[in-house]
Protein chains: 2
Amino acid sequence: MPATTETLTAERILAATEEVLRRHGPAKATVVDVARALGVSHGSVYRHFRTKAALREAVTKRWLDRTTEVLAAVAADTGLDPEDRVREWFATLFAAKRRKAGLDPELFATYTVLVGESGEVVNDHICDLTGQLTDIVRAGVASGAFTVDDPETTARALFQATGFFHDPGYAKEWERPGVQEEFEAVMDLLVKGLRG
Amino acid sequence: MPATTETLTAERILAATEEVLRRHGPAKATVVDVARALGVSHGSVYRHFRTKAALREAVTKRWLDRTTEVLAAVAADTGLDPEDRVREWFATLFAAKRRKAGLDPELFATYTVLVGESGEVVNDHICDLTGQLTDIVRAGVASGAFTVDDPETTARALFQATGFFHDPGYAKEWERPGVQEEFEAVMDLLVKGLRG
DNA sequence: CAGCTGACAGATATTGAAATCTGTCAGCTG
DNA sequence: CAGCTGACAGATTTCAATATCTGTCAGCTG
């Protein structure tokens, strides 16, 4: 068994946990399952993660961070003027979420449960994202494209106002015909608001 | 027993159901409980409501309609110019929700469960509300205060963009300090967007 | 001796039998 | 005879016994 002879790292445990979550779902995935998948005792898993909750949060963070990275590329794309960058950023966010929810609904539901459990991690993630938005808004203010009092407050407002299109709680609405148009209607309104 | 000698009306059943829901919560409130509260057999309740789900939906509709009425008054208030009316309408909606959630969290949670069950009823309610908003937006376009392509689409966008402040799923966020400022930031952005 | 194991206590989840509920309807009652 | 009752079948929920899981730790192993 080559798998059991490799060093047991946090990384390997996280990968195994993702797989167990994918197979068993959030309600039935246990630490014992993860240990079994790795061919070790569950005590070994506790050497790397203090609690089951910490392990799940680490998996959640990993997952959220993938989205953060994709969006960071858009936020930093100075080839687009600020208005297009805001639109592109949200379009990318919405498309990514909708794609995940549509392609593997069970896995998406699993991560939705994890996100619901991981208050702190999710909060950090939202701060990361509004941080990226703040940068775009600042660029818009600097170029004169946007008229805005406080870029940070406005970034938060943008994020909250688009919740319908990225909050997993609304996932089932994303299948409905017409959502794309609804998304564009909201974006139009918000972008006009940024121009002031 | 004067209560049992009165005619059994849909109205009396609805009132009793509200009371049973308040006392027992959505998970434990049964049709038998409602019948007991009225001093009749549960068969009599089924004479007025075909199923338990229909009874619950009727209670939900009743509850949602109360909000619709309050907002209709604001939507029809031509003493306010359209911009102030939009602001006032959403401020009233947010204040009403936040007040209910804060004053009796258990009852609010009960109704949140009912709302989650009653797809059709909730959809109609949202149509009522966006209808009111459409009227305000139309008035704004007519007076030249707003620049908007399609008032109906824009009304829907306004409603979706403010979901954070009226969707019961976000109720726990409404206690956080700073929400009022967040609400105003979103409203500022949206109203600026309406002006175009 | 660093890292892993496996037995353990208390907490949580599963299971299946018993109780309760939903929805129907034949018949009672005023 | 319009409206209510209460017994009933099948679905769902409750409950308590049983099994599994979480988190710890003394001691084993390479």
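These values consider heavy atoms only, across backbone and side chains, with no hydrogens, waters or symmetry-generated copies. Residue numbers start from 1 in every chain, and the chains themselves are labelled A, B, ... in the order their sequence lines are given, proteins ahead of strands.
Counting heavy atoms of neighbouring residues, nucleotides and ligands inside a 6.0 Å radius, atom NZ of A:Lys61 does not exceed 12 of them.
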Base-pairing string, 5' to 3', of DNA chain D - Watson-Crick or wobble, under 3.5 Å, | interstrand
||||||||||||||||||||||||||||||

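In this entry the distance linking CZ of B:Arg50 with P of C:dC25 reads 14 Å, nearest Å. Rounded to whole Å, the distance from CZ on B:Arg56 to P on C:dC21 is 13 Å. Atom-to-atom, NZ of B:Lys52 to P of C:dT22 comes out at 4 Å; the value is rounded to the nearest Å. One atom, OH of B:Tyr46, and another, C1' of C:dG23, lie 5 Å apart when rounded to the nearest Å. C:dT5 atom P lies 10 Å from atom CG of A:Leu38, rounded to whole Å.
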Between side-chain atoms of residues 132-141 of chain B and protein atoms elsewhere (two or more places apart, or another chain), which donor-acceptor pairs fall under 3.5 Å?
from, atom 1, to, atom 2, distance (Å)
B:Gln132, OE1, B:Ala72, N, 3.3
B:Gln132, OE1, B:Trp89, NE1, 2.9
B:Gln132, NE2, B:Thr68, O, 3.1
B:Thr134, OG1, B:Thr130, O, 2.7

Contacts table for residues 105-112 of chain A: side-chain donor-acceptor under 3.5 angstrom, sequence neighbours left out:
from, atom 1, to, atom 2, distance (Å)
A:Thr110, OG1, A:Glu106, O, 3.1
A:Thr112, OG1, A:Phe108, O, 2.8

N/O donor-acceptor pairs under 3.5 Å from side chains in residues 164-172 of chain A, not counting sequence neighbours:
from, atom 1, to, atom 2, distance (Å)
A:His166, NE2, A:Phe159, O, 3.1
A:His166, NE2, A:Thr162, O, 3.4
A:His166, NE2, A:Thr162, OG1, 3.0
A:Asp167, OD1, A:Gly169, N, 2.8
A:Asp167, OD2, B:Tyr170, OH, 2.5
A:Tyr170, OH, B:Asp167, OD2, 2.5

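Near DNA chain D, meaning a heavy atom under 4.0 Å away, there are no residues from residues 24-36 of chain B.
No donor-acceptor contact under 3.5 angstrom links the side chains of A:Lys97 and A:Thr92, judged on distance only.
With sequence neighbours excluded, the residues satisfying salt bridge (charged side-chain N to carboxylate O under 4.0 Å, His left out) with A:Asp33 are A:Arg36. Judged as a salt bridge (charged side-chain N to carboxylate O under 4.0 Å, His left out), and not counting sequence neighbours, the contacts of B:Glu173 are B:Arg176.
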Check the interface with nucleotides 1-4 of chain D: list each N/O to N/O pair with the protein under 3.5 Å, or write none.
from, atom 1, to, atom 2, distance (Å)
D:dC4, N4, B:Arg47, NH2, 3.1

Just the table, please: protein N/O against nucleotides 7-12 of chain D N/O, every pair under 3.5 Å.
none

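Here A:Leu38 contributes atom CG and A:Ser44 contributes atom OG; the two are 9.0 Å apart, rounded to the nearest 0.5 Å. In this structure, CG on A:Asp128 lies 10.5 Å from CG on A:Leu71, to the nearest 0.5 angstrom.
Residue pairs meeting the salt bridge (charged side-chain N to carboxylate O under 4.0 Å, His left out) criterion with at least one partner in residues 77-86 of chain B, sequence neighbours excluded, are B:Glu83-B:Arg195. Counting only residues at least two apart or in different chains, salt bridge (charged side-chain N to carboxylate O under 4.0 Å, His left out) contacts with residues 14-27 of chain B comprise B:Glu18-B:Arg62, B:Glu18-B:Arg66, B:Glu19-B:Arg22, B:Glu19-B:Arg23. Screening residues 147-158 of chain B for salt bridge (charged side-chain N to carboxylate O under 4.0 Å, His left out) gives A:Glu182-B:Arg156 as the qualifying pairs, with residues at least two apart or on separate chains.
At least one side-chain heavy atom of B:Leu158 sits under 4.5 Å from a side-chain heavy atom of B:Phe90.
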